[in-house]
Amino acid sequence: MSYRARALTILGATGSIGVNTLAVAKHLGIPIHAITGHSKIALLAQQAREFRPALVVVSDPAAYADMQRELSGTGIRVACGAEALIEAAAEPAVGAVMTAIVGAAGLPATFAAVCAGKRVCIANKEPLVMAGNLIMAAARTHGAEILPVDSEHSAIFQCLEGHRGQNGAESDEVAELLLTGSGGPFRTVHDLHNVTLAQALKHPTWSMGPKITIDSATLMNKSLEIIEASWLFGLPPEQIRVLIHPQSVVHSMVTYVDGSVLAQLGRPDMRVPIQYALTFPRHVASDLKPPDFTALGALTFEDPDTARFPSISMAYAAAKVGGLAPTVMNAANEMAVAAFLAGRSTFLDIFRTVERALTNAPIMPAPSLDDIIAADRDVRARLAM
């Protein structure tokens, strides 16, 4: 199917990924079937008037009446709530779904899109972290395409071209996946006891929402990416390594058993992996320029400091336990980041909160989707007390 014939639903249209996806879709001439948002009503309404989707969904019930007023007379249907998100993701007229809802809130709709056999462009890490086994199994059963949008996973996806088996990477050819990361704003800060929220929100390379920016500062984004990559590419976590790369030009690499290494390079612009997920297997012309290598100077790499940033060690531990442990880690992190953003805790409290939650994680080797959602809610309820 041509990418221009594949109507698109964007879950989380008002975030940075959603905004960039709409820009890419406009460039490519891809029709928009549905867009969703939480509480940025003015922006969501503006997007609806410009792109004329058939459906707009607000997940926040308090915003429903306002959105109805904003779009009155346009002929655009407005819906509200979790069931409406699932409807938007699974609608038969939709060919592709961009999942960009921050956090665990996007899991049910993402799973619905997979079960409906869509091309699912995954921009949020949490669904695969929480329910990777279920999502990948459902994709095989229902013929869904799972295409990564994270710049790191898109890079690995491209480096595996011609070497990818039915369930991901060919383990007899691939020695290691190398996930790169900028290191965040505190890469060279050795004492993290007194860092402020303002400092944590100043990412040196990428422009992202507050939650993802804090995850970058704690390196929790790399931790989630380890688990996500394991499910996406069919490799155990011990074959996935994190490298700090401050220039953010090499987006990730694949080491093969013959000693060769393939890397994908590009400017730090999310429109590149977004477009490739929408147009795969084609690379389609855009107005984005490749890096100017003569101006770059050096490209440097270093191991992460797991003593200062223990989130990476937590990810390996959670992945080893499996079951509900990744769900617990993710939920505890979301709650801890929210507390830090609200000024109720310190930066280092994020690590402490996640570590305590993992220590008490229930053992359940093969949880169902209901088990996963219940565990997520339980962690949030306990941490909200």
Side-chain angles (χ1 to χ4, degrees), residues 1 6-15 17-18 21 25 30-38 44 53-61 64 67 76-150 153 224 227-228 231-232 274 277-278 280 324 326-327 330-331 334 366-377 380:
M1 179 187 291
R6 192 180 284 119
L8 177 65
T9 281
I10 304 174
L11 305 176
T14 58
I17 293 293
T21 300
I30 295 175
I32 305 299
H33 174 79
I35 57 176
T36 82
H38 184 62
L44 191 63
L55 173 65
V56 172
V57 178
V58 289
S59 57
D60 181 4
Y64 179 50
M67 182 56 70
I76 298 171
R77 185 163 72 90
V78 179
C80 176
E83 290 301 317
L85 288 174
I86 290 172
E87 176 194 345
E91 164 62 44
V94 172
V97 178
M98 176 66 68
T99 66
I101 297 174
V102 176
L107 173 57
T110 299
F111 191 72
V114 172
C115 291
K118 309 299 184 186
R119 169 172 289 197
V120 183
C121 307
I122 294 192
N124 58 334
K125 305 170 181 64
E126 293 82 6
L128 282 169
V129 169
M130 298 170 65
N133 186 37
L134 297 177
I135 288 173
M136 300 309 289
R140 291 189 292 271
T141 298
H142 299 285
E145 292 181 286
I146 306 292
L147 296 179
V149 174
D150 260 356
H153 298 95
L224 298 174
I227 300 173
E228 182 183 11
W231 289 117
L232 277 172
I274 288 169
L278 295 175
F280 173 79
L324 292 172
T327 296
N330 178 73
E334 285 192 36
S368 67
L369 187 63
D370 287 342
D371 294 328
I372 290 167
I373 292 172
D376 176 78
R377 289 174 178 166
R380 294 170 190 276

What distance do [X] atom [atom1] and [Y] atom [atom2] have between them, rounded to the nearest 0.5 Å?
X: I274; Y: D150; atom1: CD1; atom2: CG; value: 10.5 Å
X: L134; Y: W231; atom1: CG; atom2: CH2; value: 8.5 Å
X: L224; Y: E126; atom1: CG; atom2: CD; value: 6.0 Å
X: I135; Y: I146; atom1: CD1; atom2: CD1; value: 6.5 Å
X: R6; Y: E145; atom1: CZ; atom2: CD; value: 6.0 Å
X: M67; Y: L44; atom1: CE; atom2: CG; value: 3.5 Å

Return the minimal non-hydrogen interatomic distance between [X] and [Y], and the atom names on each side.
X: A79; Y: A84; answer: CB-CB, 3.7 Å
X: M130; Y: I372; answer: O-CD1, 3.4 Å
X: L369; Y: L107; answer: CD1-CD2, 3.9 Å
X: L55; Y: A88; answer: CD2-CB, 3.9 Å
X: V97; Y: A113; answer: CG2-CB, 4.0 Å
X: P53; Y: H33; answer: CB-O, 3.4 Å

Trace of the side-chain hydrogen bond (donor to acceptor under 3.5 Å, both in side chains) decision for N330 with T327: CA-CA 5 Å; N330 178 73; T327 296; over 6 Å; no
Is any side-chain heavy atom of P108 closer than 4.5 Å to one of L85?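 No; the side chains remain at least 4.5 Å from each other.
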Min side-chain heavy-atom separation I227-L128 under 4.5 Å: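 Answer no - side chains too far apart.
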Examine distances only and state if a side-chain atom of [X] and a backbone atom of [Y] form a donor-acceptor pair shorter than 3.5 Å.
X: T36; Y: V58; answer: no
X: N124; Y: I101; answer: yes
X: H142; Y: C115; answer: yes
X: K118; Y: A89; answer: no
X: R119; Y: L8; answer: no

Step by step, would you call H38 with V102 a side-chain contact (heavy atoms from CB on, under 4.5 Å)? CA-CA 10 Å; H38 184 62; V102 176; over 6 Å; no
